[in-house]
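Right, one structure below, let's go through it.
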Amino acid sequence: MTGTGRLERLNGMLRRRGFLLPAFEIHGGAKGLYDFGPVGGRMRSRMNQRWLDHWLRLGNVVEVSCPTVTPYAVLEASGHVGEFSDFMTECTTCGEASRADTLLEEHHPNPDSLKRDELQSLLKVVNPPCHACNDPKWSDISAQNLMFNTTIGAGDSGRAGFLRPETAQGMFTSFNALHRHFRERLPFGAMQVGKGYRNEIAPRQGMIRLREFNMAELEYFIDPEAKLNDDLSPWDDRPMQLLAEGKEPSMMKLSDACKDGLIRHATVGRFIGLTYDFLVDVGIDPSRLRFRQHEKNEMAHYAMDCWDAEIEGSYGWVECVGIAHRGCYDLQSHEDATGKTLRARREFDEPRTTVIDAWTINGATAGPAFKALAGQVKTAVESLPKATNFPCQLTLPGGEVVEVSEEHVKPNQQTIKETGEWYIPHVIEPAFGIDRIIWHVIDHAYHEIEKNDEAYTLMRLQPSIAPVDYAVFPLFEKDGMDELAWKLHQQLCQTSGLVSMYDGSGSIGRRYARADEIGVPVCITIDHQSLEDSTVTVRDRDTGEQQRVPIDSL
RNA sequence: GCGGAUAUGGUGAAGUGGUUAUCAUCUGAGGUUUCCAACCUUAUGUCGUGGGUUCGACUCCCGCUAUCCGCACCA
């Protein structure tokens, strides 16, 4: 941060030039909602594309797209309904708002687990003092859900739902389709870029905390027992700033951090490396990038290990990527909630044979004898040792005592051969906050310099994400230079993936300045000589150097 | 959600209980100009929003919305 007011000037420029604008402004605007304007919109889609390309290079990752509108049951199963709701209560004396469960921490082993009614009545009974004014007078509690509620369908047939708080759940719920697509072979990944929604209590700091935001997530499914080919040596030449839990920050090689057990899983380590490469590739200054491991107590409800990529900018160090080892939590949760299986199979090296030589029930006699309890009796009998003598008494899980005699049982002798087993895959998830990354890319690219004793601003954006590739200028809009420039501009626009901008107004210096301000890497100028020999000058944004080249070589 | 500050052309600012609200810059048109924000002419464009006080409110008061800074909350 150089100089006071840089942030204000930067924000002013972003607005003026159409990078970022407060959304719906003529209606008064809305907190936490932003437009990407005519310049920023292009940059955002380039960033998204760049991100997809980056992960597609792994070769076993596919792109999907899931709805943002999500049924209640999905997010209930994932734990979001519970985790993303807080029950708030307000002190009627001083107006201080508090979380009801926090107030009751000393009066209940786990107030967070209580249902709304239970929490309400416990609050009434305990009546804890307000930590601001000490008065124990509380309003009724109200649910503060950080997800946007909606109703899917109209009227009585409407189902409760939410706008998704993350893109991940759709990829978990379609696990079986992904699994089939990859011929049932792990590891594989599914990813998507899309919108996520969180009804933040207090959106702040421009692009840093939004209510509707662009996210890009990869869910990488692995067999927790399989050997994975996660070679971290490619990153040995670029140590990274790592803040491991409970350790001092230090520059480390990923391979060492993994060897020392700071990074608890090699795939997490590899994704840290790939994330580093992506961020630096789109223009993040590597010296202002670090990876921080979550403390145990700040870890989200699903995570086993989590590393954030934090980027330093005008708002300090900000979390922009989370790389979480989610274990089997998500697939397990959806299995539990739906009764469907979300599993992969691994074959054993050698088939495993289990020899059973014990007892089971004789259905024909035990059925009529024990009726409804027969199932429980069967389980109990099958766990008895071979040496058991009948009749004998068994206590069932429900407390009933039954007497099992010889006629109810028969020997159970079989050999079971298993060639493999079904298991719930583990998930490693890199989750990117695209808006936050775009913000920091802009923040790092924005330079205020002096040029001929005048303040001058330029954006040193990477060409791969610059909103415009070429600016085409006629030196003067006359003598046919304007027609030639317009023709070249049209030609460039025909090329897939290229964006060109024509600018013919103002002095040539002014036009260079305008292009520099939005980070156009290359300006092409048509002058008198161009009319004669079909050459143009190509000017580099960062050095200002010009080269004369034939039009055809562009 | 609480407390404080703020809200005037696209951007940045000045100003007033009274008739036509000021300046710079940007933007458009025309002219001029042989490569880094030059110059001349000219044009377009503003008092966040709703209510109140008043003969009259951009100005004073209140609510709302938004922005910035703390606190709280949160991934």
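Chain identifiers are assigned alphabetically (A, B, ...) following the order of the sequence lines, protein sequences preceding nucleic acid strands; residue numbering begins at 1 within each chain.
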Without decimals, in angstroms, what is the distance between [X] [atom1] and [N] [atom2]?
X      : N     : atom1 : atom2 : result
A/L146 : B/G1  : CG    : P     : 13 Å
A/N11  : B/G10 : CG    : C1'   : 16 Å
A/Y456 : B/A38 : OH    : P     : 11 Å
A/Y512 : B/U34 : OH    : C1'   : 12 Å
A/L21  : B/U67 : CG    : P     : 13 Å
A/K478 : B/U32 : NZ    : P     : 7 Å
A/L458 : B/C36 : CG    : P     : 17 Å
A/E8   : B/A13 : CD    : P     : 9 Å

Exercise. What about the rings of A/F175 and A/F221, do their centers lie closer together than 6.0 Å?
Worked result: yes
Whether [X] side chain and [Y] backbone form a donor-acceptor pair below 3.5 Å:
X      : Y      : answer
A/R460 : A/H444 : no
A/H265 : A/T267 : yes
A/R198 : A/F213 : no
A/S530 : A/T535 : yes

For this session: Determine whether any donor atom in the side chain of A/H294 lies under 3.5 Å from an acceptor atom in the base of B/A75, or the reverse, and answer yes or no.
Result: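 Check passes, donor-acceptor contact within cut-off.
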Problem set entry | Along RNA chain B (nearest heavy atom to each residue), the more 5'-positioned of A/R548 and A/R211 |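 So the residue in question is A/R548.
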For this session: Would you kindly compare A/F476 and A/R511 by the position of their nearest RNA chain B nucleotide and give the one closer to the 5′ end?
Result: A/F476
Inter-nucleotide [atom1] distance ([N], [M]), Å rounded:
N     : M     : atom1 : result
B/U34 : B/C23 : P     : 33 Å
B/C68 : B/G15 : P     : 24 Å
B/G4  : B/G17 : C1'   : 28 Å
B/C60 : B/G70 : P     : 28 Å
B/G51 : B/G56 : P     : 15 Å
B/G9  : B/U25 : C1'   : 11 Å
B/G45 : B/U11 : C1'   : 13 Å
B/A21 : B/U44 : P     : 14 Å

For this session: Given side chain to side chain donor-acceptor pair (under 3.5 Å), test A/S333 with A/D336 step by step and report yes or no.
Result: CA-CA 5 Å; A/S333 302; A/D336 292 347; 5.8 Å; no
Exercise. Counting side-chain heavy atoms from C-beta on, which of B/U67, B/C73, B/C35 comes nearest to A/L475?
Worked result: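 Between B/U67, B/C73, B/C35, the one nearest the side chain of A/L475 would be B/C35.
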For this session: Among the candidates B/A75, B/U11, B/U67, find the nucleotide nearest to the side-chain atoms of A/R15.
Result: B/U11
Sugar-phosphate only, base, or nothing, as touched by [X] at under 4.0 Å among non-hydrogen atoms:
X      : result
A/A30  : sugar-phosphate
A/G196 : nothing
A/E319 : base
A/F473 : nothing

Problem set entry | Which residues share a ring-ring contact (aromatic ring centres under 6.0 Å, His included) with A/H440, sequence neighbours left out |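 None.
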Problem set entry | Positive for side-chain contact (heavy atoms from CB on, under 4.5 Å) with A/Q192, one of A/E217, A/M171, A/M215 |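 Among the candidates, only A/M171 passes.
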Exercise. Salt bridge (Lys or Arg N to Asp or Glu O under 4.0 Å) with A/R539: which residues, sequence neighbours excluded?
Worked result: A/D516
Problem set entry | Worked verdict on A/V522 versus A/V538 for side chain to side chain contact (heavy atoms under 4.5 Å, CB included) | CA-CA 7 Å; A/V522 175; A/V538 171; 3.5 Å; yes
For this session: Report, as yes or no, whether the 6.0 Å neighbourhood of atom NZ on A/K195 holds more than 12 heavy atoms from other residues, nucleotides or ligands.
Result: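 Counting other residues, nucleotides and ligands, NZ of A/K195 exceeds 12 neighbours.
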Exercise. In residues 536-545 of chain A, which residues come under 4.0 Å of RNA chain B by heavy atom?
Worked result: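 Under 4.0 Å from RNA chain B: A/T537, A/R539, A/G544.
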Exercise. Can you find a pair of side-chain heavy atoms, one from A/Y315 and one from A/L7, that are under 4.5 Å apart?
Worked result: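 SC-SC contact between A/Y315 and A/L7 confirmed.
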Exercise. Do A/R326 and A/M304 have side chains that get closer than 4.5 Å, going by heavy atoms?
Worked result: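 Answer no - side chains too far apart.
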Exercise. Hey, what's the ring geometry for A/Y502 with A/W486, parallel, tilted or perpendicular (30° and 60° as the breaks)?
Worked result: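 A/Y502 vs A/W486 ring planes: perpendicular.
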N/O-N/O pairs, protein side and nucleotides 22-29 of chain B side, under 3.5 Å:
from: B/C26; atom 1: OP1; to: A/R510; atom 2: NH1; distance (Å): 2.6
from: B/C26; atom 1: OP1; to: A/R510; atom 2: NH2; distance (Å): 3.0
from: B/U27; atom 1: OP1; to: A/R514; atom 2: NH1; distance (Å): 2.2

Problem set entry | Nearest heavy atoms of A/A257 and A/L242, plus distance in Å | CB-CD1, 3.5 Å
For this session: Determine which bases of RNA chain B form Watson-Crick or G-U wobble pairs with both distances under 3.5 Å, and write the result as a 5' to 3' dot-bracket string with | for other-strand partners.
Result: (((((((..((((....[...)))).(((((.......)))))....(((((..]....))))))))))))....
Problem set entry | N-O pairing of A/E448 and A/R9 below 4.0 Å | yes
Each nucleotide N or O in nucleotides 43-50 of chain B that has a protein N or O under 3.5 Å away: list the pair and distance.
none

Exercise. Would you say B/A37 has OP1 or OP2 under 4.0 Å from some side-chain N or O of A/S507?
Worked result: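 No, because none of the side-chain N or O atoms of A/S507 sits under 4.0 Å from OP1 or OP2 of B/A37.
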